[in-house]
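Quantities reported herein were computed from a predicted structural model and do not represent experimental measurements.
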Amino acid sequence: MTIKRLVLFFVLTPIAAFLAASSLFGSLQEPQFQSRLELYQTNIALQAQAWKPEDSNDDSPQVIQEAILGEKPLENATKEYEKTRQSVQTNLTKTQNQLAQLRSSSQNPAPPKPLPDVPPTTNTSRNDKEKQLQKSLQELQKFAAELDLKLGILQAKQGQIPTAIKTWNELQKPSDTPELTKEIEQTAAVLSGLWSDPPRLFPDAQQLIQHNLEGWFRSTALIQLYQLQQRQDALKEVQSTQQEAAAQAVFKLAAIATVPSLAALVGTILLIFLIAQRLIKGKEALLSQNAELAWSTPWDVETILSVFVVGFFFMGQIFVPSLLVLLPIPRPIVNVRLQAVSVLISYLLVASGALSVLYFSIKRFFPLPQYWFRFRLRDNWFLWGLGGYCAALPIVVIVSLINQQLWQGQGGSNPLLQLALESQDFTALGIFYVTAAIAAPLFEEVLFRGFLLPSLTRYVPVWGAIIASAVLFAVAHLSFSEILPLTALGIVLGVVYTRSRNLLAPILLHSLWNSGTLLSLFLLGSSN
């Protein structure tokens with residue numbers, strides 16, 4: 001075995017595996033993006049339920065409203081907030097226990113072992129972990145307090161005044177983190193006063209409500225305040241603003257729900273048709289097309305590892321981050337446009353590095369055998385890509401529902417999703433779109449479907465290569481909570497590519513998927 005192989009197999013690969021595993025397990029302490037996204041959806045639904053069309057004789061708007069929101073939107077929202085609050089409390093208790101155990105072990109350390117020249121990294125590592133846990137604890141405590149503020153308003157609007165006041169009173173008890181929750185405690189006192197009998201009005205009530213609440217919760221609290229203060233002009237203004245926001249929310253919910261729902265329906269019908277055709281026609285069915293046709297792979301596992309360990313992992317996790325640290329850019333980056341540009345540049349550097357390693361790794365095997373890295377415009381790739389997108393929707397939705405029950409709001413997420421959700425800058429969103437819907441599909445499909453999947457057919461059947469490449473595709477995103485949904489998506493991408501033998505098909509599917517996600521995030525984020 002050559003020195004190159006020894007280094008690759010026994011040094012670089014174990015290091016990459018260890019760092020990837022560390023990142024994955026580190027994501028266990030991070031909140032899952034899906035939990036925040038569900039709250040955004042709940043908030044926009046609350047805004048939409050307040051919509052009252054000007055023409056009271058026309059029942060069609062109410063029918064549309066009920067079709068989108070259901071019969072009891074306030075009760076549904078309360079259940080969603082209670083579920084999220086319970087999940088946060090579970091994670092809060094878990095984090096408190098971990099922090100207590102860590103502090104206990106630091107106060108009662110184990111006797112030192114008589115080993116010379118051991119680097120003193122244990123205390124530093126423990127201190128860093130304690131700081132991380134303390135930060136997570138404070139964030140969870142603040143998030144829980146914010147949830148209770150809003151939960152109380154939901155309870156009050158359903159006539160559960162004593163329950164709401166009890167919820168707000170719990171927030172006014174002495175806290176371990178007054179610097180985080182002082183304003184929230186004051187806002188809880190304001191809300192409790194507004195719904196008490198007799199009511200109590202605080203001089204800074206309006207300012208606290210506007211600063212600590214948003215959307216439907218803010219307008220609901222302000223309406224209650226202005227009614228008690230008998231400020232008719234301010235009341236009419238906030239009610240008018242609420243109606244404008246409610247009408248926009250109905251439109252946005254319809255846009256978010258209609259297209260994916262129709263696509264998912266088409267996808268479900270398509271899946272039933274394809275499965276039935278496969279059972280009836282067997283190997284002549286569309287799903288059986290190229291199903292067992294493996295690629296002729298001239299390289300071995302050394303080349304595969306070189307591309308992914310050196311080109312993908314070290315380029316993405318070590319080299320490019322180290323290079324960016326050297327750039328004279330003020331940190332942390334606060335401006336959302338600079339954040340978007342930074343994400344795009346980082347991604348392009350990683351993609352360029354990985355694709356360069358891929359090119360030089362397989363260059364000696366040129367010309368490549370048939371079907372490798374095929375981009376054919378005159379083909380049925382568009383139908384494969386569009387059909388694959390529709391078929392992927394119901395599959396990934398079902399897997400995601402199971403996944404949410406497993407992780408209970410933890411497991412980390414792609415940070416780009418949160419940035420896209422909270423950004424309302426069109427320039428920044430355009431840059432995010434280029435990153436997620438153009439650069440990512442091109443790079444990831446060339447690497448995972450164009451190179452990895454066919455390479456694996458040298459060792460396993462085509463179906464095994466599809467599953468293995470899908471799992472590695474999911475793991476490469478370094479978030480535990482995303483592994484199952486991304487594996488499901490990766491399998492659909494692999495099936496589309498192996499059947500079409502055209503990389504344009506999975507690239508289109510991947511781009512449609514990311515585009516739909518970004519559009520939904522933009523519409524949801526613009527309502528809060």
Restricting to non-hydrogen atoms, name the atom on [X] and the atom on [Y] that form the minimum distance, rounded to 0.1 Å.
| X | Y | value |
| --- | --- | --- |
| Ala488 | Val396 | CB-CG2, 4.3 Å |
| Pro394 | Ala391 | CD-O, 3.3 Å |
| Ala465 | Leu453 | CB-O, 3.5 Å |

For [X] and [Y], indicate whether the former's side chain and the latter's backbone hold a donor-acceptor pair under 3.5 Å.
| X | Y | value |
| --- | --- | --- |
| Gln277 | Leu286 | yes |
| Trp384 | Leu509 | no |
| Thr90 | Gln86 | yes |
| Ser288 | Glu284 | no |
| Tyr389 | Leu508 | no |
| Ser87 | Lys83 | no |
| Thr498 | Val495 | yes |
| Ser342 | Leu338 | no |
| Asn403 | Ser481 | yes |
| Thr13 | Leu8 | yes |

Donor-acceptor pairs under 3.5 Å, side chain of residues 311-322 to any protein atom, not counting sequence neighbours: which ones?
| unit_1 | atom_1 | unit_2 | atom_2 | d |
| --- | --- | --- | --- | --- |
| Ser322 | OG | Ile318 | O | 2.6 |

When you compare the side chain of [Y] with that of [X], does any pair of heavy atoms fall below 4.5 Å?
| X | Y | result |
| --- | --- | --- |
| Trp513 | Leu393 | yes |
| Leu429 | Leu518 | no |
| His477 | Glu444 | yes |
| Val341 | Ile431 | yes |
| Ile44 | Leu253 | yes |
| Arg364 | Thr303 | yes |
| Trp372 | Ile362 | no |

- Query: Are Glu214 and Lys150 close enough for a salt bridge, meaning some N to O gap below 4.0 Å?
  - Reply: yes

- Salt-bridge test for Lys142 and Glu139: reply yes if a basic N is under 4.0 Å from a carboxylate O, no otherwise. no

- Start with the C-alpha distance between Arg458 and Asp300, add both sets of side-chain angles, then the distance that settles side chain to side chain contact (heavy atoms under 4.5 Å, CB included), and finish with yes or no. CA-CA 8 Å; Arg458 175 170 176 163; Asp300 59 13; 4.1 Å; yes

- Considering residues at least two apart in sequence or located in another chain, which fulfil the side-chain contact (heavy atoms from CB on, under 4.5 Å) criterion with Leu386? Phe382, Leu512

- Note on the structure: The side-chain contact (heavy atoms from CB on, under 4.5 Å) partners of Val259 (sequence neighbours excluded) come to none

- Message: Please confirm whether the ring centroid of Phe451 lies under 6.0 Å from the ring centroid of Trp299.
- Response: yes

- Are Leu271 and Ile395 close enough, and set up right, to give a side chain to side chain contact (heavy atoms under 4.5 Å, CB included), and what steps lead you there? CA-CA 10 Å; Leu271 284 171; Ile395 294 173; 3.9 Å; yes

- Item | Interatomic spacing from CZ in Arg278 to NZ in Lys283 - rounded to 0.5 Å | 8.5 Å

Under 3.5 Å, is there a donor-acceptor pair between the [X] and [Y] side chains?
| X | Y | value |
| --- | --- | --- |
| Ser469 | Arg449 | no |
| Thr42 | Tyr81 | no |
| His510 | Glu445 | yes |
| Tyr497 | Asn290 | no |

- Task: If the plane angle is over 60° it's perpendicular, under 30° parallel, otherwise tilted; pick one for Phe473 and Phe448.
- Result: perpendicular

- Task: Check whether NZ of the Lys or CZ of the Arg Arg501 lies under 6.0 Å from the centre of the six-membered ring of Trp295 and within 45 degrees of that ring's axis.
- Result: yes

